[in-house]
There are 2 protein chains.
Amino acid sequence: MPDRPYHHGDLRSTLLSSAERTLAQRGPGALSLRELAREAGVSHAAPGRHFKDKQALLDALALNGFRRLQASLERARAEQDHAGSDTGDYLLGLARAYVGFAMSNAALLELMYARKHDSDVSDQLAAAVGDMIAIVLDAISEGQRAGEIIEGDPTAIAFTVTSTLHGFASFSGDENTEDVDESLRNVVRLLMTGLSPR
Amino acid sequence: MPDRPYHHGDLRSTLLSSAERTLAQRGPGALSLRELAREAGVSHAAPGRHFKDKQALLDALALNGFRRLQASLERARAEQDHAGSDTGDYLLGLARAYVGFAMSNAALLELMYARKHDSDVSDQLAAAVGDMIAIVLDAISEGQRAGEIIEGDPTAIAFTVTSTLHGFASFSGDENTEDVDESLRNVVRLLMTGLSPR
DNA sequence: ACCTGAACACCGTTCAAGT
DNA sequence: ACCTGAACACCGTTCAAGT
């Protein structure tokens with residue numbers, strides 16, 4: 001049982017998790033395939049077997065991020081189904097899931113939305129964004145059926161909500177968590193009531 | 001009058017505009033100080049006189065971007081002052097300026113909001129975002145005085161509006177301009193009326 | 001199937017020296 | 001004050017060869 005077997009065994013996922021840690025701790029500029037290989041105890045050419053180039057590794061990280069973000073949103077949805085809460089609370093739950101992910105994975109989120117992915121991967125990423133909006137869309141459609149959301153194209157409404165969440169998440173970089181949550185509740189409430197006096 | 005005088009004369013701004021063109025046309029990965037130096041007809045070490053390192057050049061690009069974005073928003077504000085339009089139209093004007101800039105400068109906008117700048121520059125960038133929100137804030141405060149915007153902390157309202165604009169701009173990458181404008185009008189209208197039935 | 005080692009072309013950065 | 005040329009350490013990528 002040598003220290004470094006010739007076959008690493010799990011190099012691909014080792015590289016991915018190592019890359020994500022580096023991304024979070026030291027930023028995208030510190031990501032180097034050669035350093036990842038060194039950390040994995042493998043030659044600098046070994047990553048090439050699992051990722052055709054550096055961009056392929058970044059693509060995999062981004063897709064992975066969307067999978068986890070989506071899972072987090074679905075969890076928020078499941079929790080709301082159990083509670084019998086109204087649409088505003090439902091949206092707040094989704095908002096907290098989105099912003100929570102953004103604050104815990106700021107650098108990854110930036111990579112997820114980066115405009116530098118290969119075009120085929122960009123399509124997959126765009127689809128992932130679509131899936132995300134679809135979750136908000138469900139909440140909106142349910143809210144409309146319950147009479148708690150105005151009538152009108154639910155896709156357009158969901159797009160507005162998701163835009164707000166994403167913009168808010170982008171702005172709430174390294175803020176205090178409590179302040180952010182208070183601000184977020186404010187934002188969701190404003191979205192519901194609107195800016196025009198009634 | 002030699003082809004390449006020893007002193008370039010305007011190297012700093014030449015590097016900046018060349019960098020911005022490369023950024024827009026070939027993405028951030030294609031940006032190399034050595035290539036910029038080659039394009040400027042100067043040695044590869046010359047950029048070091050004007051930017052202490054590559055990040056310093058990226059910082060300058062980002063700050064420049066915010067200056068232009070802010071100028072564009074102020075132009076939208078000035079236009080609204082001449083017209084006697086209501087707050088919704090005012091906000092739509094600001095929204096068009098923001099989204100227009102975002103669509104014409106997608107890669108630059110990404111750089112402007114990137115979380116990898118030096119901490120002192122990050123402060124300047126955060127201040128630039130603050131200045132931007134302040135323009136929206138003015139619109140909101142005026143709207144409140146005119147009775148066209150609900151009462152409540154105008155900063156919180158401006159923050160919500162700006163979040164929505166930024167999120168929308170992030171999502172509206174390479175879409176058709178007309179579709180985007182229709183979608184944007186929708187978003188601003190939804191922001192004004194709110195999602196709750198009244 | 002998976003990895004190594006050498007090789008290649010390209011970086012960013014520094015620094016003595018030139019004009 | 002501004003730029004050059006050489007030098008250094010570091011990349012990403014490729015490919016014959018090893019196990």
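All values below were derived from every heavy atom in this structure, side-chain atoms included, with hydrogens, water molecules and symmetry-related copies excluded. The shown structure was predicted, so the numbers you read here are calculated from the model rather than taken from an experiment. Here is the naming used below: chain letters follow the sequence lines, and residue numbers restart at 1 for every chain.
- Atom-to-atom, CG of A:L36 to P of D:dT13 comes out at 12 Å; the value is rounded to the nearest Å.
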Do any N or O atoms of the protein come closer than 3.5 Å to N or O atoms of nucleotides 6-10 of chain C, and which pairs are they?
from  : atom 1 : to    : atom 2 : distance (Å)
C:dA6 : N6     : A:H44 : NE2    : 2.9

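- For the side chain to side chain donor-acceptor pair (under 3.5 Å) condition, the pairs that include at least one residue of residues 188-198 of chain B, sequence neighbours left out, are B:N186-B:R189.
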Take A:S141 and A:D138, measure what side-chain hydrogen bond (donor to acceptor under 3.5 Å, both in side chains) needs, and give me the verdict at the end.
CA-CA 5 Å; A:S141 298; A:D138 276 3; 5.4 Å; no
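- Computed from coordinates, the A:K54 NZ to D:dC11 C1' distance equals 8 Å when rounded to whole Å.
- Using a 4.5 Å cut-off between side-chain heavy atoms of Ile, Leu, Val, Met, Phe, Trp and Tyr, with links allowed through other members, A:L73 and A:L137 fall into different hydrophobic clusters.
- One interatomic measurement links the two molecules: NZ of A:K52 to C1' of D:dG12, which rounds to 13 Å at whole-angstrom precision.
- When A:D118, A:D59, A:L57 are each tested for a side chain to side chain contact (heavy atoms under 4.5 Å, CB included) with A:K52, only one passes: A:D118.
- As a whole-Å value, the separation of B:L11 CG from D:dA1 P is 17 Å.
- Sorted by first and then second residue, the pairs that involve residues 109-137 of chain A and meet ring-ring contact (aromatic ring centres under 6.0 Å, His included), not counting sequence neighbours, are A:F66-A:Y113, A:Y113-A:H166, A:Y113-B:F171.
- A salt bridge links B:R68 to B:E20: one of the charged nitrogens lies within less than 4.0 Å of a carboxylate oxygen.
- Atom-to-atom, CG of A:L15 to P of C:dC2 comes out at 13 Å; the value is rounded to the nearest Å.
- Proximity note for A:D53 (side chain, C-beta onward) versus D:dC3, D:dT13, C:dC3: the nearest is D:dT13.
- Note: CZ (B:R12) to P (D:dA1) measures 17 Å, nearest angstrom.
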Secondary structure string for DNA chain C (Watson-Crick or G-U under 3.5 angstrom, | for other-strand pairs):
||.|||||...|||||.||
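- Residues B:S43 and B:A37 share a closest heavy-atom pair of O-CB, 3.4 Å.
- Near-neighbour residues of DNA chain D inside residues 19-30 of chain B, defined by a heavy atom below 4.0 Å, are absent.
- Between A:R185 and A:E182, no side-chain nitrogen of the basic residue sits less than 4.0 Å from a carboxylate oxygen of the acidic one, so the salt-bridge criterion is not met.
- Note: CG (A:L58) to P (D:dC11) measures 15 Å, nearest angstrom.
- Closest approach to the A:R49 side chain among D:dT4, C:dC3, D:dT13 is made by C:dC3 (side chain taken as heavy atoms from C-beta onward).
- Counting only heavy atoms from C-beta outward, the side chains of B:F168 and B:Y98 never approach each other to under 4.5 Å.
- Residue pairs satisfying the side chain to side chain donor-acceptor pair (under 3.5 Å) criterion with at least one member in residues 142-151 of chain B, sequence neighbours excluded, are listed as follows: B:T87-B:E148.
- Salt-bridge check for A:E39 with A:R34: failed, with every basic side-chain N at 4.0 Å or more from each acidic carboxylate O.
- Toward the 5′ end of DNA chain C lies the nearest nucleotide of A:D10, the other residue of the pair B:L31 and A:D10 mapping further downstream.
- Atom-to-atom, CG of B:L57 to P of C:dT13 comes out at 10 Å; the value is rounded to the nearest Å.
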